[in-house]
Amino acid sequence: MICIGLEEEICSVDTRPLVTREVDVRGAYAYSRSDFAEALSMLDRNLLPWSRLVTRTSLTQGQAIFEDLASGNSASLRAGFEI
């Protein structure tokens with residue numbers, strides 16, 4: 001099991017099943033160098049639909065884009081701003 005990102009400040013987890021089943025738990029706050037290398041390789045091979053995932057807009061739309069992304073209901077995953 002890999003936990004990615006942060007939960008609430010306090011997160012209670014019953015660890016007994018992890019111990020009895022000898023489950024390995026790892027945490028990751030961000031991505032590794034190899035993750036970025038693989039993503040770049042996939043972009044180079046046109047295996048990622050980046051144009052559908054990244055909203056490109058002017059910096060003047062920044063506040064609206066951030067509010068949309070923070071809403072949790074955005075169709076975009078990332079924003080790129082043209083300056």
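Nearest heavy-atom pair across L47 and P49 is O-CD, 4.1 Å. Between A79 and V54 the shortest heavy-atom distance is C-CG1, 4.3 Å. Across R78 and L69, no two heavy atoms sit closer than the pair N-CD2, 4.4 Å.
In this structure, the separation between CZ on F81 and CD on Q61 is 9.0 Å, given to the nearest 0.5 Å.
With sequence neighbours left out, R45 forms a salt bridge (charged side-chain N to carboxylate O under 4.0 Å, His left out) with E38. In terms of the salt bridge (charged side-chain N to carboxylate O under 4.0 Å, His left out) criterion, residue partners of D14 (sequence neighbours excluded) are, by chain and number, R16.
The environment of CZ in F66 is sparse: at most 12 heavy-atom neighbours from other residues, nucleotides or ligands sit within 6.0 Å.
Proximity of a side-chain donor or acceptor of S74 to a complementary backbone N or O of S76 within less than 3.5 Å is detected.
If you check the side chains of T57 and T55, you find no donor sitting under 3.5 Å from an acceptor.
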